[in-house]
Amino acid sequence: MNIASKLLDIKSKLPLSVTLVAVSKTHPESVVLEAYQAGHRIFGENRVPELCTKAANLPNDIEWHFIGHLQTNKVKAIAPFIHTIQSVDSLHLLKEINKEAKKCNRVINCLLEMYVAEEETKYGLSIEEATELLNSPEYASMQNISITGIMGMATYTCDEDQIRNEFKQLHNYFIEIKGKWFSSNESFKELSMGMSGDYNLAIEQGSTMVRIGSSIFGFRTYN
Ligand SMILES: *Cc1c(COP(=O)(O)O)cnc(C)c1O
């Protein structure tokens with residue numbers, strides 16, 4: 001199957017309430033354009049230089065999501081155009097995003113990345129750290145970011161029960177954070193979880209946004 005058919009096939013099987021972020025990292029612009037021409041507009045990238053090049057060369061109605069670990073000194077480069085930064089894992093980073101968004105006179109959507117996996121290598125906030133961030137006076141004063149939900153990744157394992165439990169935990173965090181800080185805020189609505197290998201489990205556990213790369217674009221040669 002070509003990229004357009006794979007994309008449309010996956011899309012047709014997702015519930016209407018679930019948003020698909022097509023993860024195009026490492027793949028050339030030509031394949032992003034193929035997906036674009038099949039009607040897709042939301043793409044995810046995890047490296048700043050690669051994202052900036054693609055954003056400059058591809059149609060400007062693409063909604064770009066940043067999904068990788070983001071260093072504060074790289075925020076400036078994506079602030080003019082990024083739609084959502086899904087990987088906010090510190091107050092320090094959020095402050096920088098707010099500062100750079102302000103310079104561009106924009107509001108940037110942000111998801112708090114929550115840590116649930118057992119792998120030490122994964123990034124993200126614990127519920128205690130998220131609580132501290134959301135209770136901080138610095139966060140309260142930010143006007144150029146909007147926290148639109150949370151993002152998380154399950155452990156890379158074949159143990160479906162473990163994956164299911166980690167997604168359940170993310171869903172619980174989503175409910176808790178929504179209830180405590182965003183109960184009257186309609187924009188806080190995304191629970192971004194699920195990748196090529198586990199998105200059906202994620203949807204079963206309440207995902208509103210899946211990030212799918214290899215099932216659409218094929219294997220990556222790095223990362
Ligand atoms: C690469 C990546 C994905 C997509 O992974 P696939 O297994 O190729 O679908 C999703 N989320 C994040 C954060 C990623 O880095």
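In listed order, ligands and their atoms are each counted from 1.
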Assess whether salt bridge (charged side-chain N to carboxylate O under 4.0 Å, His left out) is satisfied between Arg164 and Asp161, documenting all intermediate values. CA-CA 5 Å; Arg164 196 176 279 114; Asp161 286 330; 3.1 Å; yes

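- Each of the atoms 6 (P), 7 (O), 8 (O), 9 (O) of ligand 1 lies under 4.0 Å from some heavy atom of Ser196.
- Ranked by closest heavy atom to atom 7 (O) of ligand 1, the top entry among Gly68, Ala22, Ser214 is Ser214.
- Rounding to the nearest 0.5 Å places CD1 of Ile145 at 4.0 Å from CG of Leu94.
- Close approach to Met153 involves these atoms of ligand 1, each under 4.0 Å from a residue heavy atom: 13 (C).
- Each of the following atoms of ligand 1 lies closer than 4.0 Å to a heavy atom of Gly213: 4 (C), 6 (P), 8 (O), 9 (O).
- Two different hydrophobic clusters hold Ile67 and Val88 under the rule that ILVMFWY side chains link at heavy-atom gaps under 4.5 Å.
- Side chains of Asn185 and Ser187: a donor on one and an acceptor on the other come within 3.5 Å.
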Show your reasoning for whether side chain to side chain contact (heavy atoms under 4.5 Å, CB included) applies to Met209 and His65. CA-CA 12 Å; Met209 184 174 270; His65 287 227; 3.9 Å; yes

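- At least one N or O atom of Arg211 sits closer than 3.5 Å to an N or O atom of ligand 1.
- Contacts between Lys25 and ligand 1 below 4.0 angstrom, taking non-hydrogen atoms only, involve the side chain exclusively.
- In terms of polar-atom proximity, Ile212 is not counted as a contact of ligand 1, lacking any N or O under 3.5 Å from an N or O of the ligand.
- At a cut-off of 3.5 Å, with distance as the only test, a side-chain donor of Thr208 or Glu190 sits close to an acceptor on the other residue.
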